[in-house]
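Chain letters run A, B, ... following the sequence lines, proteins first, then strands; residues in each count from 1.
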Amino acid sequence: MNDTTDTTDTADAPDETDTADAPDATDTADTADETDETDGTDAIDTSADTETDHESSSPHVLSATDREDSNTPHHAFWADEVADAIEARDPDEPIVIKGGVSPSGVAHLGNFNEIMRGYFVAAVLRERGHEVRQVFTSDDKDPLRKLPRKLADSEGNIVGLGDVDAGALGRNLGKPYTDIPDPFGEADSYAAHFASLLQADADRLGVPVEMLSNTELYAEGAFDSVVERVLSDVETARTVLSAYQDKVDDSYIPFNPVCESCGKITETVTSIDLAANRVDYVCTDLTVGDRTIEGCDHEGTATFREGKLPWRFEWPGQWQVLGVDFEPFGKDHAEGSWPSGEDIARTVLDIDPPVPMTYEWFTLNGEALSSSAGNIVTVPEILELLEPEVLRYFFALNPRKARDLDLSRLDQLVDDFDRFERAYFGEVDDEDLTAFAERAYPFVVDEIDPDRIRLPYTFAAVLGMVEDPAFREQLARDEGHIPDDASQAAIDAALARVEKARTWAERMDNAYNYRLQAELPDVSFDDATAAALDSLASFVEAGHDGEAIQSEIYETAREHDLDVSELFEAGYRLFFDETQGPRLGEFLGELEREFVVDRLRREA
RNA sequence: GGGCUGGUAGCUCAGUUAGGGAGAGCGUCUGGCUUUUAACCAGACGGUCGGGGGUUCAACUCCCUCCCAGCCCGCCA
C-alpha cells in the first residue's frame, strides 16, 4: 500500500508562499513528490496505553499493555518483537502476513519493504513452529492517477515514457490498472505487467510470497460482505471516517463504482440498493492533485463487484477478507491510513486490526526515492552490484531508521554485511552485533556455510581489472584471501563477487575502475626511478616468478636509493595509470614477460 | 499551526523498552612486521550523544522547550 502514494504532489500547490521571507522550513515539505518508500520503523511504541480516545492515540503501535501481557523480553532482532506481538494475539493458523502496493509503475527498492519486512517476520514465526502465509496484494483496482516518468520492460530494464505509447496510456487515466493495456503489449494489463515484475523480484530474493490481485478479489466476491457491511450503515462509516478526514460530509458514500460507459473510477454514488447489492452513480470528475480527470457524466448502476471501496475502507476490508495478522507499512500511513483503518476495523467491520509496523523510508544516494522523478533503483539493478544476501541484510536492519542506499559507497554496505556474517560465526567481538546476527543471519543467507569465503568488496573490485578467472584467483591467494584448503565451490562463490564489484566500479566510474593499460600511459620519471625500472626490467627479462619479482622491487628500490613506495607507484603508473593496485610483483609475474619488460622500459 | 519518527566520531551505524563507564567498523595519523602496496599487528587522533533548561546523588537514556530532516494532519493511495 504505501507506494501508492502517487500523490503527494499536491503538496506543491499550497505553498505559494515561497516568495516570502521566512526561510521557514515548511515549504521544503513539498519536495516530496512521491516518495514512495522507505524503510523504517516499527510501530512498536509504548505510548498507546494511556490514551483512550481514538484518533488521538498514537497510531503506531503495539500498546504497551500488549507487551506487558506477553511478558516480552527484549530482542536483538526486531522481527522477534513483532512475532511476540503476533503470538500474543493467539492467531489462527496459518498466520497471515500481508503487504501490498498499487502497481502504479516500476517497483523500486522501497516498495520491497512491503515484502521483505514481512518475510523476516514470517521466517521467525515459521521457526517458532507456526504455519505462515505471506500474501501481497497488488492494489490494482486503483485508478491510474498520473503517468509515471519511467517504466520497466518485462526484463526489468528501465525505459522512459517516450519508449511506449504514452498517448494511449494517457487516455486511460482514471481507469483501474487492471483495465489498462500493458504498455509493452505482453501481459494482460498494466497491472499484470508490474505485478509480474514484483513477483520476479521476490523470486530473485528467494521470498515465497503469494501475489493477490485486488481486482480479482472483488470479481470473486471476496469483498461482497465487506461492501455490504459498510454500505448498510453508511452513517457509521461516515462518522468514523470523518474523525480522520474533514472532507467527509453527509453525502459521502464510501464506494467508487467503475463507470460502465467510460471505464473510469467514479466518486459520486447517488443511491444504495442494499437488497439488490447495487448502487446508482454519476460519472463525475476525478480530482487528482491539482489536475482533474474528467468524468463522462454517465448515470448508471453498478453491483458491489463493479467498483471498489475507497482505500481507507478497502485496507481494513483486506484485513478482514484475508484474515491478516500482521502488516508493515510505510511511515506515510502511520498517521493517516493506519489510525482510521484501525478504527474502521473495530467500529465498522468489527474485527481486530493486524499487528502494525511502520517502516521508515529509504533514500537513494541521499535523495528521496521517487518513481515520478525517476530517482529509483530496482532489485535487478542492485543485484548486479551485490549478492542477494547483502540486500536481504539491508532489509533486516532496524526498520525504524531511515537508511540511505548510497550506491557510490556500496563497499561499505557489503563490508557491514561481511562483518555481520562474521559476527554470526563468532568472529567479531561485539555483543550487540553478535546477538543480532545470531537471530537474523540464518534468514538472510540461503545456506549457512562456515567455509564460505568473502573477498573484501574493494579488493574484489581490484581483481575486476583483470579478466582471467585463474588470474583473479591467483591474486586472491597471493593476498591471503583464499585458504589453501578451500574447496573449488567456495572459491567460485567468492570470485562471483568480483563481477559484482567490477560492475560497480564501472558504473560508479570510481577509483577502482581501471584496467591494465594496453598502451603506455603518459609518464615521466626522475633518473633514479628510470634506472630502477630499467634494472627491474632486466630482472624480469632474466626470467623470475612473481614472488621473486616482488622481492626484487624492494631490492631495486634500495639499490637506487628510492622509497619503496615511489617505485611501487611508478609501477602502478606504468601498468594501470594509477597510484595503487594489486600486489605488483605477483601481478607482473602472471603477465606476458615481453610485455612487462617493454613496459618497464617505457617502450610500449 | 498541530502530531508522529529520526538527529550518537570524518563516513556507516550500535547502544535508549526498569537512568550509573560514550562504543564498533571503516577512514585518517603514528609505529611495528628485516616484502607497507587496496595484507596484518599495536597505538593514537577523533563526539558539548542536534541546542537549551529541568528532575536526580547520577541523564545519550526521563520531563519541558527550541532547531534540523522526513512523514501525516486536504484529496488519493
| task | Could you give the distance separating C64(B) and A22(B) at their P atoms, to the nearest angstrom? | result | 26 Å
| said: When the C1' atoms of G21(B) and G54(B) are compared, how many Å lie between them, rounded to an integer? | reply: 24 Å
| remark: Here the distance between atom P of C11(B) and atom CG of D406(A), to the nearest Å, is 12 Å
| Out of G25(B), G70(B), U36(B), which nucleotide sits closest to the side chain of V564(A)? | U36(B)
| Euclidean distance, atom CH2 of residue W78(A) to atom P of G15(B) [Å, nearest integer] | 14 Å
| query | Is Q412(A) side chain donor-acceptor paired with the C11(B) base, going by distance under 3.5 Å alone? | reply | yes
| said: On RNA chain B, does the nearest nucleotide to P456(A) precede the nearest nucleotide to D415(A) from the 5' side, or the other way round? Give the residue. | reply: D415(A)
| said: Let's test this: given Watson-Crick or G-U wobble pairing with both distances under 3.5 Å, identify the partner of U12(B). | reply: A24(B)
| message | Return the pairing partner of G43(B) with a 3.5 Å limit on both distances, Watson-Crick or G-U wobble; otherwise return none. | response | C29(B)
| Rounded distance in Å - CZ (F417(A)) to P (G25(B)) | 19 Å
| task | Hey, can you tell me if W315(A) and H333(A) have their rings parallel, tilted or perpendicular (30° and 60° cut-offs)? | result | tilted
| remark: Taking a pair to mean Watson-Crick or G-U wobble geometry with both distances below 3.5 Å, U36(B) pairs with none
| Is the phosphate of A39(B), meaning OP1 or OP2, less than 4.0 Å from a side-chain N or O of R477(A)? | no
| note | To the nearest angstrom, the CD-P distance between E431(A) and G25(B) comes to 15 Å
| Distance between C1' atoms of C33(B) and U16(B) (Å, rounded) | 42 Å
| Considering only A14(B), A39(B), C76(B), which nucleotide approaches the side chain of H481(A) most closely? | A39(B)
| Just how far, in rounded Å, is P of C71(B) from NE2 of H333(A)? | 14 Å
| said: Say we look at U56(B) and C63(B): how far apart would their P atoms be, to the nearest angstrom? | reply: 16 Å
| Between C4(B) (C1') and K331(A) (NZ): distance, integer Å | 9 Å
| said: Could you tell me how far G1(B) sits from C45(B) if I compare only their C1' atoms? Round to whole Å. | reply: 46 Å
| field | Stepwise side chain to side chain contact (heavy atoms under 4.5 Å, CB included) test for L410(A) and I382(A) | value | CA-CA 10 Å; L410(A) 276 192; I382(A) 293 174; 5.8 Å; no
| request: May I ask you to evaluate whether K146(A) reaches the phosphate of C76(B), defined as a side-chain N or O under 4.0 Å from OP1 or OP2? | output: no
| query | Ignoring hydrogens and angles, are the base of U12(B) and the side chain of R409(A) linked by a donor-acceptor pair under 3.5 Å? | reply | no
| request: Just call it for G336(A): base, sugar-phosphate, or nothing, with non-hydrogen atoms closer than 4.0 Å on any strand. | output: sugar-phosphate
| query | On a whole-Å scale, what distance lies between the C1' atoms belonging to A24(B) and C49(B)? | reply | 15 Å
| said: Once you measure the plane-to-plane angle for Y190(A) and Y177(A), does it fall in the parallel (<30°), tilted (30-60°) or perpendicular (>60°) bin? | reply: parallel
| query | At under 4.0 Å between heavy atoms, what does K141(A) touch on the DNA or RNA strands: base, sugar-phosphate, or nothing? | reply | nothing
| message | Does C75(B) have OP1 or OP2 under 4.0 Å away from a side-chain N or O of Q245(A)? | response | yes
| Are the side chain of Q550(A) and the backbone of G585(A) linked by a donor-acceptor contact shorter than 3.5 Å? | yes
| query | Atom CZ of F313(A) to atom P of C76(B): distance rounded to whole Å? | reply | 10 Å
| said: By the 4.0 Å heavy-atom rule, please label R419(A) as base, sugar-phosphate, or nothing. | reply: sugar-phosphate
| How is F420(A) classified with respect to the nucleic acid when contacts are heavy atoms under 4.0 Å: base, sugar-phosphate, or nothing? | nothing
| said: Which nucleotide, if any, forms a Watson-Crick or G-U wobble pair with A58(B), using both distances under 3.5 Å? | reply: none
| query | Just by modelled atom types, is the Y457(A) backbone N or O under 3.5 Å from a matching donor or acceptor in the W504(A) side chain? | reply | no
| request: Counting heavy atoms from C-beta on, name the nucleotide in C76(B), A14(B), G3(B) closest to the side chain of E335(A). | output: G3(B)
| field | Sugar-phosphate, base or nothing in reach of D416(A), heavy atoms under 4.0 Å | value | sugar-phosphate
| Nucleotide paired to U5(B) in any strand shown, Watson-Crick or G-U, under 3.5 Å | A69(B)
| note | E586(A) CD to A39(B) C1', in whole Å, measures 11 Å
| task | Measure from the side-chain N and O atoms of D249(A) to the backbone N and O of Y252(A), and report whether any donor-acceptor pair falls under 3.5 Å. | result | yes
| request: Indicate the ring-plane relationship of F362(A) and F395(A), choosing parallel, tilted or perpendicular according to the 30° and 60° boundaries. | output: perpendicular
| Rounded C1' spacing from G46(B) to G27(B) in Å | 11 Å
| request: Between R583(A) and V428(A), name the one whose nearest nucleotide on RNA chain B is closer to the 5' end. | output: V428(A)
| request: Indicate, with a heavy-atom threshold strictly under 4.0 Å, whether F436(A) touches base, sugar-phosphate, or nothing. | output: nothing
| message | For A14(B) and K401(A) - does any side-chain N or O of the residue sit under 4.0 Å from the phosphate oxygens OP1/OP2? | response | yes
| said: Looking at R312(A) and G336(A), would you say the former's side chain and the latter's main chain have a donor-acceptor pair under 3.5 Å? | reply: yes
| Which part of the nucleic acid does R422(A) contact within heavy-atom distance under 4.0 Å: base, sugar-phosphate only, or nothing? | nothing
| What integer number of Å spans the P atoms of G47(B) and G3(B)? | 35 Å
